[in-house]
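Before I ask anything, here is the structure I am working with.
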Amino acid sequence: MTKPKIVILGGGFGGLFTALDLAGTADVTLVSDADHFLFTPMLYEYLSGEVEAWHIAPRYDELLDESVHFIQSAVTGIDLASQTISLSGREKSLNYDVLVLALGGITNYVGVEGAQEFTLPFRKLAHADNLRQIMVDALDRIAPDMPPQDVRRELTFAVVGAGASGCELSTKMSDLLIDAFKRRALHGEPRVLVIEMGDRVVPGMGDQIREFVEEALLKSRVEVHTKTRVVKVAKDELTFEHEGNRESLKTAGVVWTGGVKMSPLIEQLDAEKNKRGLLIVKPTMQLSQHVNVFALGDIAFYPDATPTLAGTAQLAYQQASLAADNIKAYMQGREMHSRHFEELGEAISLGTERAAVLTGGKAFGGALARQARFALYTSRLPTWHHRLRVGASWFFGGTTPRPLLPLGFER
Ligand SMILES: Cc1cc2nc3c(=O)[nH]c(=O)nc-3n(C[C@H](O)[C@H](O)[C@H](O)COP(=O)(O)OP(=O)(O)OC[C@H]3O[C@@H](n4cnc5c(N)ncnc54)[C@H](O)[C@@H]3O)c2cc1C
């Protein structure tokens, strides 16, 4: 008897963990556009050099055995009627008996003029490499005798959006730049702004953890601009509006963490969606009109989940196990299940020295929280083998940041 063909699109938190759970149960194919998984919650630590690429971005061929067929390619079309998938650079399309959609979101520039062209996204290893290089280049342009006010103008970086991502990134960038100032004996200070439309930082998180975030932003000397809307971005310039006043700033770099939207592939899919364009899934993770199609993670709206979990790795990770169980049940003609998804706790990186963690209803911060976050994330990495290797490397090798030194001086 031939095994049913399961095709999983997207090798992130939803897709990879579903593939790992389904390995060996059917003819499983995972399709993703990169050759590696990315543990996004630690992309900030990759920027600062606290972790290395192999820690947080293991290659799929190290994570998957021969029971999962991996194809590195960009999905270019999904046809639910003919049950076929088109892939970039491949004439022959893939067909499936069961499809798993886990393609994640893309950066949402919300139509701000110049944002897509002149800001940096922060979702992939390459984005972090690029941002780090831009910071080093900007520092390299500063002469040691430049007056502090000129230095500040030349080294102004802005992060748009003060959600968890914007706060994690701005504190990390500011700590790295301040450290580089000391090492390079520059006059004055760098300037890092975080700009937020709403009236407070980390709007999706509870008050307990917000206190730690606000304190860390202050300690890392990040300028917080709430109730402020970015209206235009140009090369080296950012324009924003606060209470009717418009201001423009010269910038060395602007990073956009302002939101996530659906990719054109999901937008074009003929399936039921909510107002934000997310695929509405049944409590079993299936699309309502396609019993053999399951969707999860950032592209799926699952009704029975704590609202703060929307768009998080922890939701995608939990959904992967339900999706895999239900796919096995579907193939064997057994009853499928549903689950209520709960918040597993929150952990947020705050600069190179601190973090904040909320667990069991209690929040704590500082250096201890930083250690706890490393320990927690070791346990969330994919596969036992990888967890052990990374855990040992962090434990014995340490996790100190890599300073922003000029080219040739980096260790
Ligand atoms: C910098 C950053 C930090 C974050 N920190 C946290 C955190 O601390 N805690 C938390 O809970 N969540 C965090 N998140 C959110 C979390 O990463 C997402 O919610 C989670 O990754 C969603 O999982 P997913 O499987 O839906 O999508 P993803 O993990 O994004 O996976 C989608 C996969 O599909 C691939 N793909 C996309 N389009 C195509 C295509 N056309 N063809 C082939 N492959 C394609 C992508 O390359 C990717 O591998 C963070 C996100 C970012 C960007």
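Note: hydrogens, waters and symmetry copies are ignored here, and every other heavy atom, side chains too, is used. The first residue in the sequence is number 1, and the count goes up from there. Ligands are counted one by one from 1 in listed order, and the atoms in each one are counted from 1 as well.
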Starting at OH of Y302, measure out to CG of L315 and round the result to the nearest 0.5 Å.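 So the OH of Y302 and the CG of L315 are separated by 9.5 Å.
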Taking N or O atoms only and a 3.5 Å limit, does G297 qualify as a polar contact for ligand 1?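 There is no such contact.
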Among all protein non-hydrogen atoms, which one is nearest to atom 19 (O) of ligand 1, and what is the separation to 0.1 Å?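 Atom 19 (O) of ligand 1 sits closest to the protein heavy atom D298 OD1, 2.7 Å.
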Go through ligand 1 atom by atom and flag the ones less than 4.0 Å from a non-hydrogen atom of A74.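 Under 4.0 Å from A74, ligand 1 has these atoms: 42 (N), 43 (C).
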Do the side chain of S174 and the main chain of S220 share a donor and acceptor less than 3.5 angstrom apart?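 Yes: the side chain of S174 pairs with the backbone of S220.
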Report the C-alpha distance between F37 and F13 in whole Å, list the side-chain angles of each, state the deciding distance to 0.1 Å, and finish with yes or no for ring pair (Phe, Tyr, Trp, His ring centres under 6.0 Å). CA-CA 8 Å; F37 167 71; F13 278 91; 5.2 Å; yes
Would you call D97 and K3 a salt bridge, taking side-chain N to carboxylate O under 4.0 Å as the test?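 Judged by the 4.0 Å cut-off on N to carboxylate O distance, D97 and K3 do not form a salt bridge.
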Is there a heavy atom in G311 that sits closer than 4.0 Å to ligand 1?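 Checking ligand 1 against G311, which is what was asked, there is a heavy-atom contact under 4.0 Å.
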Within reach of ligand 1, part of S73 (heavy-atom separation under 4.0 Å):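 The backbone, only.
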Under-4.0 Å heavy-atom contact with ligand 1, by part of Y317 that carries it: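 None of Y317 does.
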Side chain to side chain, N292 and Y96, heavy atoms closer than 4.5 Å: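 When only atoms from C-beta onward are counted, Y96 and N292 do touch, with a gap below 4.5 Å.
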State if A300 counts as touching ligand 1 under the rule of any non-hydrogen atom under 4.0 Å.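 The answer is no, since A300 has no heavy atom less than 4.0 Å from ligand 1.
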Determine, using heavy atoms of Y377 and all atoms of ligand 1, whether some pair is separated by less than 4.0 Å.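 Contact present.
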How far is atom 49 (O) of ligand 1 from its nearest protein heavy atom, and which residue and atom name does that atom have?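 That would be S32 OG, 3.3 Å.
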Between R210 (side chain) and V201 (backbone), is there a donor-acceptor pair under 3.5 Å?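 A pair under 3.5 Å: yes.
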Atom 6 (C) of ligand 1 [closest protein heavy-atom partner, distance rounded to 0.1 Å]: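 Result: P41 CG, 3.7 Å.
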Are any of the N/O atoms in S165 less than 3.5 Å from those in ligand 1?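 No.
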Classify the contact between L9 and ligand 1 as side chain, backbone, both or neither, using a heavy-atom distance cut-off of under 4.0 Å.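 It is neither; nothing of L9 touches ligand 1.
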Can you check which of I71, L103, I8 brings a heavy atom nearest to atom 37 (C) of ligand 1?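 Ranked by closest heavy atom to atom 37 (C) of ligand 1, first place is L103.
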Is it true that E215 and K219 make a salt bridge, defined as a side-chain N closer than 4.0 Å to a carboxylate O?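 Yes, this pair counts.
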Which residue owns the protein heavy atom closest to atom 47 (O) of ligand 1, what's the atom, and how far is it?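 Of the protein heavy atoms, D33 OD1, 2.6 Å lies nearest.
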Protein heavy atom at shortest distance from atom 50 (C) of ligand 1: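 Nearest protein contact, heavy atoms only, for atom 50 (C) of ligand 1 is T40 OG1, 3.5 Å.
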Atom indices of ligand 1, in the order listed, that fall short of 4.0 Å to a heavy atom of G12: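 Taking each heavy atom of G12 in turn, ligand 1 has 25 (O), 28 (P), 29 (O), 31 (O), 33 (C), 49 (O) under 4.0 Å.
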Can you find an N or O of G14 that's nearer than 3.5 Å to an N or O of ligand 1?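 Looking only at distances, the answer is yes, because the N/O contact criterion of under 3.5 Å is met.
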Using a 3.5 Å cut-off on N or O atoms only, is G105 in polar contact with ligand 1?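 N/O-N/O distance under 3.5 Å: no.
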Can you tell me which residue and heavy atom of the protein come closest to atom 10 (C) of ligand 1, and the distance to 0.1 Å?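 Result: A313 N, 3.3 Å.
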Residue that, paired with R373, satisfies salt bridge (charged side-chain N to carboxylate O under 4.0 Å, His left out) out of E50, E168, E346: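 Per the salt bridge (charged side-chain N to carboxylate O under 4.0 Å, His left out) rule, the option paired with R373 is E168, out of E50, E168, E346.
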Note the single closest protein heavy atom to atom 23 (O) of ligand 1, along with its residue, its atom name and the distance in Å.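 Minimum-distance protein heavy atom for atom 23 (O) of ligand 1 reads A316 CB, 3.5 Å.
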I'd like to know whether ligand 1 has G11 as a neighbour, heavy-atom separation below 4.0 Å.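 Yes, that is the case, since the closest heavy atom of the residue is under 4.0 Å from the ligand.
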Does V75 reach ligand 1 with a nitrogen or oxygen that is under 3.5 Å from one of the ligand's nitrogen or oxygen atoms?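 Yes, there is a polar N/O contact under 3.5 Å.
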I want to check something: taking the side chain as every heavy atom from C-beta on, are V230 and W256 in contact at a cut-off of under 4.5 Å?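 Yes. Closest side-chain heavy atoms under 4.5 Å.
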Around atom 2 (C) of ligand 1, find the nearest protein heavy atom and jot down its residue, atom name and distance.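 Result: Y44 OH, 3.6 Å.
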Checking D35 against R59 for the salt bridge (charged side-chain N to carboxylate O under 4.0 Å, His left out) test, could you report, in this order, the C-alpha distance in whole Å, the side-chain angles of both residues, the deciding distance, and whether it holds? CA-CA 6 Å; D35 63 358; R59 290 170 54 93; 3.0 Å; yes
